[in-house]
Visitor: 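Okay, here's the structure, questions in a sec.
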Amino acid sequence: MATSAPTSSPRLVDAGHDVVAVSRGNREPYSPHRAWQRVTTVRADRAAEEADGTFGARIAGLEGDAVIDLICFTEQSARHLATALTGRVRHFLHCGTIWVHGPSTRVPTTEDRPRRPIADYGRQKAAIEAYLLDRAHRDGFPATVIHPGHIVGPGWAPVNPAGNINPAVFQTLADGAELALPHLGMETVHHVHADDVARLFMDALAGPTAATGENFHSVAASALTLRGYAEAVAGWFGQEPRLTYLPWERWRETVSEEDARVTYDHIAHSPHCSMDKALRLLGHRPRHTALDAVAEAVDWLVEAGTITR
């Protein structure tokens with residue numbers, strides 16, 4: 001078993017796989033786990049090795065039965081690795097994003113909806129998905145694409161009720177202070193617990209016949225409106241939510257340019273994705289609600305002192 005990044009590694013080890021985790025090695029895992037002692041770690045700078053044409057050969061040389069690729073962001077990068085692995089791997093799993101979809105129209109959004117991404121990240125991921133699934137259907141390359149939502153859990157800074165990742169929004173709610181939301185706070189965000197993402201990769205790996213040539217969302221069972229999300233967070237801290245609402249052009253003037261950019265990206269999409277396909281083909285159900293997943297991350301931020309009660 002070879003995986004190009006370590007998120008699923010503890011579950012793979014516990015399932016009896018021999019795991020090789022390939023990464024730059026610049027940080028520790030998000031969560032400690034005894035399984036890391038049984039993971040072989042390979043350090044590699046993917047960008048540099050792709051530039052000199054050696055990365056694909058390095059991964060192929062690990063001779064894994066399956067490769068899980070979590071850090072591919074361009075079609076060129078995907079082509080390089082898939083070409084090197086053709087005929088040398090039984091299953092190739094790529095981590096995409098729900099950003100392959102544009103703004104939500106008919107919800108919940110299903111995997112077969114037309115791809116209309118609205119930013120370069122989503123366009124690149126959509127191109128990767130199209131390439132890999134075309135290879136799967138045309139010449140049998142054993143690809144599966146999994147599209148997570150806003151990944152969260154201990155160690156992650158969650159997308160917050162204002163639609164950005166500034167932890168000060170959580171502090172505002174914890175203090176019972178007034179929080180302004182854009183529009184009427186009815187846009188949506190769609191989180192997923194990191195462990196549920198790992199579980200879906202495992203379920204796809206365990207069911208290659210059903211998973212090969214397919215794409216799957218990985219999100220919580222339901223999305224959250226910004227307003228409902230803010231009300232829940234305030235309640236965690238024993239506060240009554242004090243929410244106000246501003247038109248976008250006024251709201252963006254109340255935050256930093258970066259926070260406004262990130263919020264706009266989220267509310268322009270207002271994602272709300274379906275998990276029916278993963279259940280139907282793989283028997284997969286997410287175990288964490290969106291609020292459960294965020295609560296674990298917020299608890300971690302409190303323990304770290306980033307949020308004070």
Side-chain angles (χ1 to χ4, degrees), residues 24 26-27 30 47 71-74 95-105 115-127 147-153 155-192 194 219 223-234 237 239 241-273 290 293-294 297-298 300-302 304-308:
R24 289 175 298 173
N26 289 345
R27 58 160 296 156
Y30 284 103
I71 54 169
C72 179
F73 304 111
T74 68
C95 186
T97 173
I98 59 172
W99 261 209
V100 296
H101 301 293
S104 293
T105 53
R115 297 293 183 258
R116 298 191 179 104
I118 59 177
D120 185 63
Y121 175 62
R123 286 191 287 268
Q124 289 284 356
K125 284 292 194 176
H147 293 304
H150 315 322
I151 300 175
V152 69
W156 271 266
V159 174
N160 63 42
N164 57 60
I165 56 174
N166 187 339
V169 170
F170 292 108
Q171 189 64 62
T172 296
L173 292 166
D175 292 341
E178 184 177 274
L179 175 68
L181 297 178
H183 300 154
L184 295 176
M186 295 307 293
E187 288 86 355
T188 56
V189 286
H190 210 162
H191 296 82
V192 61
V219 290
L224 297 169
T225 65
L226 300 185
R227 177 176 183 160
Y229 184 9
E231 290 173 348
V233 172
F237 293 95
Q239 303 286 358
R242 296 176 55 202
L243 305 177
T244 59
Y245 306 96
L246 296 173
W248 171 255
E249 292 302 330
R250 287 182 58 195
W251 184 86
R252 68 183 301 177
E253 295 173 356
T254 69
V255 299
S256 70
E257 183 176 343
E258 176 63 12
D259 285 351
R261 182 192 67 79
V262 175
T263 292
Y264 184 82
D265 201 22
H266 286 96
I267 67 174
H269 286 89
S270 285
H272 178 190
C273 295
V294 172
V298 170
W300 180 84
L301 290 172
V302 170
T306 303
I307 302 171
T308 58

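Source: prediction; values computed, not measured.
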Visitor: Atom CG in Asp259, atom CG in Asn164: separation rounded to 0.5 Å?
Guide: 4.0 Å

Visitor: Do other residues, nucleotides or ligands put more than 12 heavy atoms under 6.0 Å from the CG atom of Leu243?
Guide: yes

Visitor: How would you list all residue pairs meeting ring pair (Phe, Tyr, Trp, His ring centres under 6.0 Å) that involve residues 160-191, not counting sequence neighbours?
Guide: His150-His191, His190-His272, His191-Tyr229

Visitor: Test of understanding: with side-chain contact (heavy atoms from CB on, under 4.5 Å), list the residues that count as partners of Arg116, not counting sequence neighbours.
Guide: Pro114

Visitor: Start with the C-alpha gap between Val255 and Thr263, add the side-chain angles, then the distance that decides, and say whether side-chain contact (heavy atoms from CB on, under 4.5 Å) holds.
Guide: CA-CA 10 Å; Val255 299; Thr263 292; over 6 Å; no

Visitor: Considering non-hydrogen atoms only, spot the tightest contact between Ala126 and Val100 and give its length.
Guide: N-CG1, 3.6 Å

Visitor: Roughly how far, to the nearest 0.5 Å, is CG of Leu181 from CE of Met186?
Guide: 11.0 Å

Visitor: Nearest heavy-atom pair of Gly163 and His266: which atoms, and what distance?
Guide: O-ND1, 2.9 Å

Visitor: Ignoring hydrogens and geometry, is there a side-chain-to-backbone donor-acceptor pair from Trp156 to Ala297 under 3.5 Å?
Guide: no

Visitor: Give me the atom names and distance for the closest heavy-atom approach of Leu226 to Val189.
Guide: CD2-CG1, 4.0 Å

Visitor: Over all heavy atoms of both residues, which pair between Pro148 and Gly96 is shortest? Give the atoms and the distance, please.
Guide: CD-O, 3.3 Å

Visitor: I'd like to check the side-chain contact (heavy atoms from CB on, under 4.5 Å) partners of Tyr121; sequence neighbours left out, ordered by chain and number.
Guide: Phe73, Thr97, Trp99, Lys125

Visitor: Given Leu173, which partner from the list Val233, Val298, Asn160, Ile307 fulfils the side chain to side chain contact (heavy atoms under 4.5 Å, CB included) test?
Guide: Val233

Visitor: Is the count of non-hydrogen atoms from other residues, nucleotides or ligands lying under 6.0 Å from Tyr264 atom OH greater than 12?
Guide: no

Visitor: Calculate, to the nearest 0.5 Å, the distance between atoms CG and CG belonging to Leu246 and Leu184 respectively.
Guide: 10.5 Å

Visitor: Just grab all the salt bridge (Lys or Arg N to Asp or Glu O under 4.0 Å) pairs involving residues 169-192, residues at least two apart or on different chains.
Guide: none

Visitor: According to ring pair (Phe, Tyr, Trp, His ring centres under 6.0 Å), who are the partners of His101, at least two apart in sequence or on a separate chain?
Guide: His217

Visitor: Among all residues two or more places apart in sequence or in another chain, which pass the side chain to side chain donor-acceptor pair (under 3.5 Å) test with Glu258?
Guide: Arg261

Visitor: At what distance, to the nearest 0.5 angstrom, does CD1 of Ile118 lie from NE2 of His269?
Guide: 4.0 Å

Visitor: Find the distance between OG1 (Thr244) and CG (Leu179) and round it off to the nearest 0.5 Å.
Guide: 7.0 Å

Visitor: Does Ser270 use its side chain to pair, donor to acceptor, with the backbone of Ser104 at less than 3.5 Å?
Guide: no

Visitor: Does Val219 reach the side chain of Ile98, with side-chain heavy atoms less than 4.5 Å apart?
Guide: yes

Visitor: Return the minimal non-hydrogen interatomic distance between Trp251 and Ala180, and the atom names on each side.
Guide: NE1-O, 2.9 Å

